[in-house]
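See structure below.
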Amino acid sequence: MTSSSPPAAPVLRLGTYKLPAAETALIQTLLRLYAQNTASHWVYASAPPYDALLADGSTAEGQSPTLDRLAPIVLRLARRSENTTHDLLERPIRPDRFQQWLQVIEQKLLSQSASAQEDPPARYRLLHWPPARLLRHDADRIRLA
């Protein structure tokens, strides 16, 4: 008799883009702390692919729409006074708000992956060759069958 263990929790990859070294170190430390104290699925990723990305929203490079192609979710860090047009996490980084954002994004990503797994593409199989009267020597019908 074999015992079945629960499915492994998915790992979500969080990256940073051109953040100051102190903020990147803070993000890494917070992720390690969250992993110890909660059922967090987040790990720090130093290279793509990313599930979410934190960028410096106070720079033109951090505001670039091309960053949106690096990850499904991109969050910009900036001061409230800085004019940004994207999702924003205020500086200085507050651990409670950062953790809340991670939880919201985690739920969103996990629900998207669950719905993608629930709807597999439809597959059809020909059980027997159709009668000749249905095919009528039509090349398209023969290819379809």
Side-chain angles (χ1 to χ4, degrees), residues 1-130 134-135 138-145:
M1 183 171 170
T2 61
S3 64
S4 64
S5 59
V11 174
L12 299 172
R13 297 170 49 89
L14 177 69
T16 57
Y17 184 80
K18 302 228 176 174
L19 289 182
E23 285 181 333
T24 299
L26 175 61
I27 298 298
Q28 292 172 331
T29 302
L30 289 173
L31 289 176
R32 283 194 298 273
L33 287 172
Y34 298 154
Q36 292 176 0
N37 298 329
T38 64
S40 175
H41 299 128
W42 290 98
V43 296
Y44 180 78
S46 57
Y50 305 116
D51 292 301
L53 184 67
L54 288 169
D56 189 346
S58 62
T59 65
E61 194 172 27
Q63 292 285 337
S64 172
T66 59
L67 287 182
D68 295 327
R69 286 181 250 161
L70 293 176
I73 310 281
V74 178
L75 182 71
R76 271 65 176 196
L77 291 173
R79 300 212 181 278
R80 179 58 72 187
S81 61
E82 294 171 334
N83 186 14
T84 61
T85 58
H86 301 284
D87 290 334
L88 174 71
L89 183 63
E90 276 188 71
R91 279 188 169 126
I93 298 171
R94 290 188 36 202
D96 56 334
R97 289 194 180 168
F98 178 64
Q99 186 175 26
Q100 182 182 21
W101 176 76
L102 286 176
Q103 290 169 344
V104 168
I105 298 309
E106 182 176 322
Q107 289 300 319
K108 183 177 180 180
L109 291 171
L110 293 178
S111 67
Q112 286 174 353
S113 69
S115 65
Q117 291 173 4
E118 290 172 5
D119 299 329
R123 296 186 71 190
Y124 299 97
R125 196 173 115 204
L126 186 62
L127 297 176
H128 56 62
W129 195 256
L134 285 179
L135 296 177
D138 184 341
D140 290 332
R141 292 181 185 206
I142 292 171
R143 264 195 305 276
L144 182 61

Hey, are the side chains of [X] and [Y] touching, using non-hydrogen atoms and a 4.5 Å cut-off?
| X | Y | answer |
| --- | --- | --- |
| His41 | Leu109 | no |
| Ser40 | Leu12 | no |
| Arg79 | Pro92 | yes |
| Leu102 | Leu31 | yes |

N/O donor-acceptor pairs under 3.5 Å from side chains in residues 44-53, not counting sequence neighbours:
unit_1	atom_1	unit_2	atom_2	d
Tyr44	OH	Thr16	OG1	2.8
Asp51	OD2	Arg13	N	2.7

Sequence neighbours excluded, which residues qualify as side chain to side chain contact (heavy atoms under 4.5 Å, CB included) partners of [X]?
| X | result |
| --- | --- |
| Gln99 | Tyr34, Thr38, Gln103 |
| Lys108 | Ile73, Gln112 |
| Asp96 | Arg94 |

Check your understanding: Please, which pairs that meet side chain to side chain donor-acceptor pair (under 3.5 Å) have at least one residue in residues 17-26, sequence neighbours excluded?
Key -> Tyr17-Glu61, Lys18-Glu61, Glu23-Arg91
Point to revise | salt bridge (charged side-chain N to carboxylate O under 4.0 Å, His left out) partners of Arg97, counting only residues at least two apart | key: Glu90
Atom [atom1] of [X] and atom [atom2] of [Y]: how far apart are they, to the nearest 0.5 Å?
| X | Y | atom1 | atom2 | result |
| --- | --- | --- | --- | --- |
| Leu19 | Thr59 | CG | OG1 | 9.0 Å |
| Ile93 | Leu77 | CD1 | CG | 4.5 Å |
| Leu30 | Leu14 | CG | CG | 10.5 Å |
| Trp101 | Leu75 | CH2 | CG | 4.5 Å |

Study note, to complete from the structure: Correct closest heavy-atom pair for Ala78 and Ser58 would be CB-N, 4.3 Å
